[in-house]
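Below is one structure; the comments refer to it alone.
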Amino acid sequence: MMSFKASIVLVLFLLVSNFSVQVLSVVQECGAEDDVGCIDKKKALPLKIIAIVSILVTSMIGVCLPLVTRSIPALSPERSLFVIVKAFAAGIILATGFMHVLPDSFDMLSSACLKDNPWHKFPFTGFVAMLSAIITLVIDSMATSLYSRKNKSGVVLPESRDQEMAVEESDGHFHGHHHGGKLINVEGSQLLRYRVIAMVLELGIIVHSIVIGLSLGASNNTCTIKGLVAALCFHQMFEGMGLGGCILQAEYGFLKKAAMAFFFAVTTPFGIALGMGLSSTYKENSPRSLITVGLLNASSSGLLIYMALVDLLAADFMGAKLQGSVKLQIKSYAAVLLGAGGMSLMAKWA
């Protein structure tokens, strides 16, 4: 009789324990604040202000660094070193999509806070990322086609005012001249591709930057904000280098270059400020926030992965410059792995 009662008590204990663990996990998952000692709104405010300033400065440095390399002969677009640096930046963008944005979306859209039907019945993250990659392909292709029709002339001249380039046709060849250094002629179709790539890549990065800024701005956890600030500074700087390289190759005029650099640099600080303003109403683990941010992350990851693989890595590695040199290919592969590895390591903190 005692053994029977003991068995019942044991079973009840196991059931209650299991139920308690499930409830506790749901509470923690659904936004009960972990690390209660770290939650301090007053102490978090100066950290967020520091984050806005530091991320703005490092983002501006990262995106502007490639734009000033034309004055440095070793880093000009026609040199091998520029190709290696661009491969490094492409590896960073690829890892951002795979290691930062995509896992965040999986975590959000598989949260215990969301209803089983439909969020746990279907892999929405993979589906939205796939759709985003296909839509990016459509935009990439259609924009290139429309650009080509709009500019039917053989060569599209750079718009930069600080580069006076006289193009003259002689013996079937084009010769380009400008003040302050040698500038290679870029065929019209290739220049159009560079411009489309720069615009679409900026779109994907801006969406991602606003989302990560919003999450940081809405958080009052001082323990996590400190590490996030350093990680995001590194992240934005090198992501900016990748975008800056694409903007440089697009040969935009000064105003367009400045506008694209400005919008990249201010999006994450803007997201932080927006999160600070919405911190009283925005709950990071509320169902509405999880669904919205999760879907935005999924779409952003599809775009970033497509751009990194197709428009940056494949375009360069299958191009004439890298195909003509096995040594340069090996160096570029090492740069891709270094960039992707460094950004993957940062997934531990951000």
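The analysis underlying the following values was restricted to heavy atoms, covering all of them including side chains, and did not include hydrogens, waters or symmetry mates.
- Remark: aromatic rings of His100 and His235 are close, center separation under 6.0 Å.
- Under the 4.5 Å side-chain criterion, counting only non-hydrogen atoms from C-beta, Asp316 is not in contact with Ser332.
- Within 6.0 Å of atom CE in Met142, 12 or fewer heavy atoms from other residues, nucleotides or ligands are found, so the atom counts as exposed in its surroundings.
- Under a cut-off of 6.0 angstrom, the local environment of CZ in Phe263 is sparse, with at most 12 non-hydrogen atoms contributed by other residues, nucleotides or ligands.
- In this structure, Val207 is a member of the same hydrophobic cluster as Ile291, with clusters built from ILVMFWY side-chain heavy atoms closer than 4.5 Å.
- Side chains of Leu45 and Asn220 form no contact here, defined as non-hydrogen atoms less than 4.5 Å apart.
- The aromatic rings of Phe122 and Phe127 lie perpendicular to each other, with more than 60° between the two planes, well past the 30° mark.
- Looking at every heavy atom in both residues, Ala95 comes nearest to Met343 through CB-CB, 3.6 Å.
- The hydrophobic clustering, which links ILVMFWY residues whose side-chain heavy atoms are closer than 4.5 Å, places Ile135 and Ile93 together.
- Remark: the Thr58 side chain and the Gln236 side chain contain no N/O donor-acceptor pair separated by less than 3.5 Å.
- To the nearest 0.5 Å, the span separating CG on Leu232 from CD1 on Ile212 amounts to 5.0 Å.
- Side chains of Met99 and Leu345 form no contact here, defined as non-hydrogen atoms less than 4.5 Å apart.
- The number of heavy-atom neighbours closer than 6.0 Å to CZ of Phe88, taken from other residues, nucleotides and ligands shown, is above 12.
- Counting heavy atoms from C-beta outward, Leu102 and Asn297 have side chains that stay 4.5 Å or more apart.
- Between Ser105 and Val101 there is no side-chain heavy-atom pair separated by less than 4.5 Å.
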